[in-house]
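Worksheet for the structure shown next.
Basis for what follows: all heavy atoms, side chains included, without hydrogens, waters or symmetry-related copies.
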Amino acid sequence: MNGKERRNKIVRMLSDSEVPISGKELAGILDVSRQVIVQDMALLRAQDYKIISTNQGYLLSGEKKASRVFKVFHSDSEVEEELKLITDCGGYVEDVFVYHKVYGIVRAELNIGSRKDISEFLDELKKGHSTLLKNITSEYHYHTVSAPSAERLDFIQTELQKRGFLAKLKEYEPIDFGEGEKN
């Protein structure tokens with residue numbers, strides 16, 4: 001697990017917890033030192049997460065982020081445009097997944113929240129011999145997107161629809177998409 005993935009997991013853990021989680025406990029769960037947790041907290045605070053340190057551990061303060069799953073469809077040449085649309089509207093692209101009729105759900109974390117993240121993601125794709133996950137399901141895929149509010153997610157959904165990226169859900173598709181709302 002890299003640092004970005006670890007910090008994303010820390011945010012999820014703190015969001016899900018109603019009681020403080022100690023640095024020692026986080027370090028044990030994530031198999032890192034307590035000092036790494038302290039550094040991660042500083043980086044998360046720099047990203048505007050409202051993390052409070054108490055004598056019992058860390059708490060995430062403020063409004064919890066909303067999340068929703070969007071089913072989208074586009075060509076390889078439109079990936080950058082799709083990701084920029086979501087992030088420029090205030091969304092954070094947590095993952096990409098496809099529903100394969102043989103393999104089931106195949107998912108990969110993205111953790112994209114800025115144009116810089118998009119650029120790094122696309123550069124990594126160009127370096128390797130890999131293809132986009134959407135290509136195994138005729139360009140249909142899903143993103144879990146989080147944002148500060150449900151209203152922001154509604155705005156993102158409207159913009160995806162206007163651009164023609166939003167795909168319709170079919171009856172045979174899975175109902176349970178995890179913790180987020182479904183589109």
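The hydrophobic cluster containing M13 also contains V32, counting ILVMFWY residues as joined when their side-chain heavy atoms lie under 4.5 angstrom apart, directly or transitively.
A cation-pi arrangement is found for K71 relative to Y140, the charged atom lying closer than 6.0 Å to the ring centre and inside a 45° cone about the ring normal.
For the residue pair E81/H74, the side-chain donor-acceptor check at 3.5 Å is not satisfied. Neither side chain, T158 nor Q161, offers a donor N or O lying under 3.5 Å from an acceptor on the other.
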Show the atom names and distances, to 0.1 Å, of all donor-acceptor pairs under 3.5 Å that link a side chain in residues 37-45 to residues at least two apart or in another chain.
{"unit_1": "D40", "atom_1": "OD1", "unit_2": "R6", "atom_2": "NH2", "d": "3.2"}
{"unit_1": "D40", "atom_1": "OD1", "unit_2": "R7", "atom_2": "NH1", "d": "3.0"}
{"unit_1": "D40", "atom_1": "OD2", "unit_2": "R6", "atom_2": "NE", "d": "2.5"}
{"unit_1": "D40", "atom_1": "OD2", "unit_2": "R6", "atom_2": "NH2", "d": "3.3"}
{"unit_1": "R45", "atom_1": "NE", "unit_2": "I51", "atom_2": "O", "d": "3.1"}
{"unit_1": "R45", "atom_1": "NH2", "unit_2": "I51", "atom_2": "O", "d": "3.3"}
{"unit_1": "R45", "atom_1": "NH2", "unit_2": "S53", "atom_2": "OG", "d": "2.7"}

Side chains of residues 83-98: which donor-acceptor pairs under 3.5 Å do they make with residues two or more places apart or in other chains?
{"unit_1": "K84", "atom_1": "NZ", "unit_2": "E80", "atom_2": "OE2", "d": "2.9"}
{"unit_1": "T87", "atom_1": "OG1", "unit_2": "L83", "atom_2": "O", "d": "3.1"}
{"unit_1": "T87", "atom_1": "OG1", "unit_2": "K84", "atom_2": "O", "d": "3.4"}
{"unit_1": "D88", "atom_1": "OD1", "unit_2": "R115", "atom_2": "NE", "d": "3.3"}
{"unit_1": "D88", "atom_1": "OD2", "unit_2": "R115", "atom_2": "NE", "d": "3.4"}
{"unit_1": "D88", "atom_1": "OD2", "unit_2": "R115", "atom_2": "NH2", "d": "2.6"}
{"unit_1": "Y92", "atom_1": "OH", "unit_2": "N111", "atom_2": "OD1", "d": "3.4"}
{"unit_1": "E94", "atom_1": "OE2", "unit_2": "S146", "atom_2": "OG", "d": "3.0"}
{"unit_1": "D95", "atom_1": "OD1", "unit_2": "T144", "atom_2": "N", "d": "2.8"}
{"unit_1": "D95", "atom_1": "OD1", "unit_2": "T144", "atom_2": "OG1", "d": "2.8"}
{"unit_1": "D95", "atom_1": "OD2", "unit_2": "R107", "atom_2": "NH1", "d": "2.7"}
{"unit_1": "D95", "atom_1": "OD2", "unit_2": "T144", "atom_2": "OG1", "d": "3.2"}

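Of the inter-residue distances, the one linking F165 atom CZ with S75 atom OG reads 7.5 Å to the nearest 0.5 angstrom.
Residues R163 and E78 are paired through a salt bridge, judged by an N-O separation under 4.0 Å between the basic side chain and the carboxylate. Classification of K116 and E120 as a salt-bridged pair holds, one side-chain N sitting under 4.0 Å from a carboxylate O.
Under the 3.5 Å distance criterion, the side-chain polar atoms of T54 are matched with a main-chain donor or acceptor of Q56. The closest donor-acceptor contact from the side chain of H100 to the backbone of V102 lies under 3.5 Å.
Of all heavy-atom pairs spanning S138 and F73, the tightest one is O-CE1, 3.2 Å. When all heavy atoms are compared, the tightest approach of L59 to V19 is CD2-C, 3.7 Å.
With contacts defined as side-chain heavy-atom distances shorter than 4.5 Å, the pair Q157/V145 does not qualify. In this structure the side chain of V72 never reaches within 4.5 angstrom of the side chain of Y142, judged on heavy atoms.
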